[in-house]
Amino acid sequence: MPNWKEKIDKERLPKHIAIIMDGNGRWARKHDKPRVFGHQNGVTAVRNAAEAAAELGVDYLTLYAFSTENWNRPKKEVNALMELLVKTINSETDTLLKNKIKLNSIGDISEMPQDCYDELKIAIDRTADNDRMTLNLALNYSGRWDITQAGRRIAQDVKDGVMNPEDITDEKFNDYLDTTGMPDVELLIRTSGEQRISNFLLWQVAYAELYFTPKLWPEFTKEDLHEAIVNFQCRERRFGKTSEQLTESRKCE
Ligand code: FPP
């Protein structure tokens, strides 16, 4: 296996990586275990991805931990996921502090169970001064929810006379999204072979490179993240321009 980490150009890292962590259920089935076992093992992959991204110097890592649609899963699985979140956030905060990672959440966390909300708030407060990387957990999040809540708040500001309709620009809209202050996603990874965005960061992935891997989430390692970044760096990102207009040369054959 190539040493992917060695092949990474540290000067051209994606500033913001987002991951749709998929395949926990299938991984559990493969091992003849209940779905929850897959989620439990997914936590190791979360830890590895966060560590690998921070070690490299990625600024933002956003993980799709619980979507607004995930509430439709069997109650037993939803409860187990919530329990796992509380437990993991609690047990991992010291590691986040050690690695100088700031925890943040996107999504409507006011609708999360109280213990989950409280645990999250404590971890967010404790890690607030860390500046190496921001780990964003998308919880009760969906891309359409984010765009809708931004639209609603903009409408309110216009109604209150704080803003004029002409002031609503692409950049201004960004300020109202839950990812305010963060750069656009540059690399979106989805595990488990599915090739969909599934209502994740719809606005923010406008120019993202999409990377799909057949690996199931609990199998995703640091090396897999390194490989995804090398793949990203081999792509030609044109942003609507022609190849000839680009000055930045690709470092891959
Ligand atoms: C998708 O796999 C995974 C989820 C909906 C939950 C992700 C949660 C974790 C990795 C555990 C905790 C996370 C944190 C951040 C502490 P799936 O259940 O849809 O898999 P399947 O498609 O194979 O059924």
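Indexing begins at 1, ligand by ligand and atom by atom, following the structure's order. Heads up: numbering here begins at 1 and tracks the sequence.
- Of all the heavy atoms of Q40, none lies under 4.0 Å from any atom of ligand 1, so neither backbone nor side chain is involved.
- A side chain to side chain contact (heavy atoms under 4.5 Å, CB included) with K5 holds for exactly one of E223, E55, K222; it is E55.
- Ion pairing between a basic and an acidic side chain is recognised when a charged N comes within 4.0 Å of a carboxylate O; R12 and D9 show such pairing.
- Of the protein's non-hydrogen atoms, the one nearest atom 16 (C) of ligand 1 is T88 CG2, 3.5 Å.
- The existence of a salt bridge linking E119 and K87 is excluded, since no basic side-chain nitrogen approaches an acidic carboxylate oxygen closer than 4.0 Å.
- Taking atom 9 (C) of ligand 1 as the reference point, the nearest protein heavy-atom neighbour is N24 ND2, 3.8 Å.
- Annotation for ligand 1: atoms under 4.0 Å from non-hydrogen atoms of W217 are 10 (C).
- Between D167 and K172 no salt bridge is recorded (no basic side-chain N to carboxylate O distance below 4.0 Å).
- Remark: ligand 1 and D22 share an N or O pair separated by less than 3.5 Å (distance only, no angle test).
- Nearest-heavy-atom check against atom 6 (C) of ligand 1 across A28, A80, A65, A49 picks out A65.
- Contacts between L137 and ligand 1, counted as non-hydrogen atom pairs separated by less than 4.0 Å, involve the side chain only.
- Contact annotation: for L63 versus ligand 1, there are no heavy atoms closer than 4.0 Å.
- Residue contact check: R35 has heavy atoms under 4.0 Å from atoms 17 (P), 18 (O), 24 (O) of ligand 1.
- In this structure, the side chains of K102 and L135 stay at 4.5 Å or more apart for every pair of heavy atoms.
- Look at E92 and R47 and you find a salt bridge, because one of the NZ, NE, NH1 or NH2 atoms lies within 4.0 Å of a carboxylate O, short of that distance.
- Close contacts of ligand 1 with N70, meaning ligand atoms under 4.0 Å from a residue heavy atom, involve 5 (C).
- Between L187 and Y211 there is a side-chain heavy-atom pair separated by less than 4.5 Å.
- Evaluated by nearest non-hydrogen atom to atom 17 (P) of ligand 1, the leading choice among M21, R73, R29, K30 is R73.
- The existence of a salt bridge linking E219 and K215 is excluded, since no basic side-chain nitrogen approaches an acidic carboxylate oxygen closer than 4.0 Å.
- For atom 13 (C) of ligand 1, the nearest non-hydrogen atom of the protein is V46 CG2, 4.1 Å.
- Comment: K15 does not engage D59 in a salt bridge, judged by the lack of any side-chain N to carboxylate O separation of less than 4.0 angstrom.
- Of all protein heavy atoms, the one closest to atom 14 (C) of ligand 1 is L85 CD2, 3.9 Å.
- Regarding atom 12 (C) of ligand 1, its nearest protein heavy-atom neighbour is V43 CG2, 4.0 Å.
- Taking every heavy atom of R26 and a limit of under 4.0 angstrom, the matching atoms of ligand 1 come to 21 (P), 22 (O), 23 (O).
- Using a cutoff of 4.0 Å between basic side-chain nitrogens and carboxylate oxygens, R26 and E194 are scored as salt-bridged.
- Summary of contacts: the protein heavy atom closest to atom 11 (C) of ligand 1 is H39 O, 3.6 Å.
- Applying the 4.0 Å criterion to heavy atoms of G25 picks out, from ligand 1, the atoms 17 (P), 18 (O), 20 (O), 21 (P), 23 (O), 24 (O).
- The local environment of CD in E69 is crowded, with over 12 non-hydrogen atoms from other residues, nucleotides or ligands closer than 6.0 Å.
- Counting heavy atoms closer than 4.0 Å to ligand 1, residue W27 contributes nothing at all.
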